[in-house]
Amino acid sequence: MTPDRAAGLAETRRALAAGETTSRAQVERALARIEAAQPTLNAFRIVRREAALAEADAADRQLAAGARLPLLGVPVAVKDDMDVAGEPTAFGCRGDFPPAAADGEAVRRLRAAGAVIVGKTNTCELGQWPFTEGPAFGETRNPWHPGHTPGGSSGGSAAAVAAGLVPAALGSDGAGSVRIPAAWTHLIGIKPQRGRISTWPRGESFHGITVNGTLARTVADAALLLDAASGNHELDPHRPATLTVADAVGRDPGRLRVALSLKPPFTAVPARLHPEIRARVVGLAEEIARSGHVVEEADPPYGRIGLAFVPRATAGIAERAREAADPALLDPRTRGTARLGRLLDGAPLRAARRAEAVLHRRIGAFFGSYDVILAPTTATPPPPVGAFAGLGGLATERAVIAACPYAWPWNVLGWPGVNVPAGFVGGLPVGAQLLGPAGSEPLLVSLAAQLEAGLRWHERWPPRQADADRTSV
């Protein structure tokens with residue numbers, strides 16, 4: 001790998017353990033790449049230059065002493081909704097936020113695995129939209145074409161990994177916020193089972209719909225980061241059984257029954273699947289069938305699942321808005337959503353939480369017939385930067401739902417999903433989701449790795465110049 005693009009997570013770990021490089025060298029190169037790309041991509045809200053170099057030196061001393069940890073000395077990034085001790089957690093908002101007193105549990109576990117946190121990546125205000133723009137930090141741009149968004153709300157993490165600034169990054173996913181930017185930047189994005197990666201100091205984030213997840217260029221790297229970050233705080237309410245997901249990479253998934261689901265779940269807003277995205281997802285289904293799996297068109301019985309989503313999402317925005325450094329500085333759309341969330345807190349929220357068990361039984365029964373669902377991740381390719389700017393709250397919601405109607409039901413269910421690259425539309429990346437029931441991360445990762453071995457999507461990189469012309473496939 002050339003110095004202007006990061007090697008993968010597993011490869012960097014191997015080279016460090018073998019003494020072929022040092023953590024300081026890897027971190028210095030990552031910091032140089034971030035600095036060079038920041039004026040164009042604007043992926044980072046905070047760069048921890050001095051702290052990261054000091055941590056790299058400490059990692060090198062450990063390596064020299066023979067210590068071996070899963071990510072010892074490897075530079076990674078985390079989204080700016082996660083607490084990093086000594087750094088503010090602004091979550092896309094304007095205002096002065098105090099430094100966090102301690103690492104969040106996911107960050108603590110990454111550090112315990114030896115990772116060096118080089119910075120915190122940009123996210124839209126309170127993580128509520130599939131674009132990463134806002135007055136607090138400007139626009140984060142897509143490495144494949146800087147005129148387009150990398151998606152959101154984990155858009156900074158996606159842009160940083162897709163451009164090769166860092167080998168991998170953590171994001172969070174409350175309505176597709178890992179899977180959508182992964183789709184729009186040609187990455188693997190794993191949304192794990194609720195509780196797999198702790199969201200502490202919040203036992204539940206957005207009333208349980210938001211989980212932390214991983215973004216990387218390969219399935220192996222995304223799974224490695226997932227395993228390193230996984231685990232629970234002693235007070236976490238959701239504590240799934242421990243899994244080692246990376247062990248599933250390269251494992252034969254067996255002959256699977258795969259449901260190809262192209263119909264969006266019901267929403268009050270019409271959503272139309274872009275015909276070229278449909279063709280790319282169908283092409284993936286054909287590749288799955290060529291691998292020996294049985295593929296049939298079938299849609300899960302979602303019903304009116306949106307009624308179980310909206311109260312949880314909006315009440316979560318209301319909670320976070322109250323914690324803003326200066327609520328008056330929030331986007332008018334955020335303030336409007338917070339007002340709705342305050343109205344839905346109480347009986348509607350309790351009803352939404354109760355509905356989850358019913359949905360688990362109904363949609364869980366679908367997995368009596370199928371092992372995995374293959375669905376589009378988004379209905380459209382990545383929109384231009386600024387496409388949502390200046391819209392009112394209702395117009396923004398309609399545009400967002402029309403572009404991204406497929407991902408959010410799995411947040412209601414709390415079950416795993418993995419975005420895999422599906423190809424390109426007009427030179428811009430698009431993706432597909434592999435979706436499974438509770439605890440199915442190893443199965444989804446095994447199938448994703450099987451696809452990757454045949455399609456080799458990780459071998460394609462964005463143009464080297466930020467203003468390079470687009471190329472189509």
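For the numbers below, each heavy atom of this structure counts, side chains included, while hydrogens, waters and symmetry mates do not. Note that the structure is a prediction, hence the values are computed from the model and not measured.
Electrostatic pairing of Glu287 and Arg456 does not count as a salt bridge here, judged by no charged N lying under 4.0 Å from a carboxylate O.
No close placement of the Trp457 and His186 rings is indicated, their centers lying 6.0 Å or farther apart. Aromatic ring centroids of His148 and Trp184 lie 6.0 Å or more apart.
Nearest heavy-atom pair across Ala315 and Leu349 is CB-CD2, 4.2 Å.
Remark: the Thr132 side chain and the Thr140 side chain contain no N/O donor-acceptor pair separated by less than 3.5 Å. Side-chain contact annotation: Thr121 with Lys79, donor-acceptor N/O pair under 3.5 Å absent. Glu133 and Thr149 share no side-chain donor-acceptor pair at under 3.5 Å. Side-chain contact check for Asp83 and Thr89: at least one donor-acceptor pair (N or O, by modelled atom type) lies under 3.5 Å.
Side chain of Ser440 to backbone of Pro437: a donor-acceptor contact under 3.5 angstrom is found. In this structure, Thr244 contributes its side chain and Ala246 its backbone to no donor-acceptor pair below 3.5 Å.
Applying side-chain hydrogen bond (donor to acceptor under 3.5 Å, both in side chains) to Arg179 and the options Thr378, Asn419, Thr377, Asp173 leaves one that passes, Asp173.
Atom CG in Leu451 sits 10.0 Å away from atom OG in Ser446 (nearest 0.5 Å).
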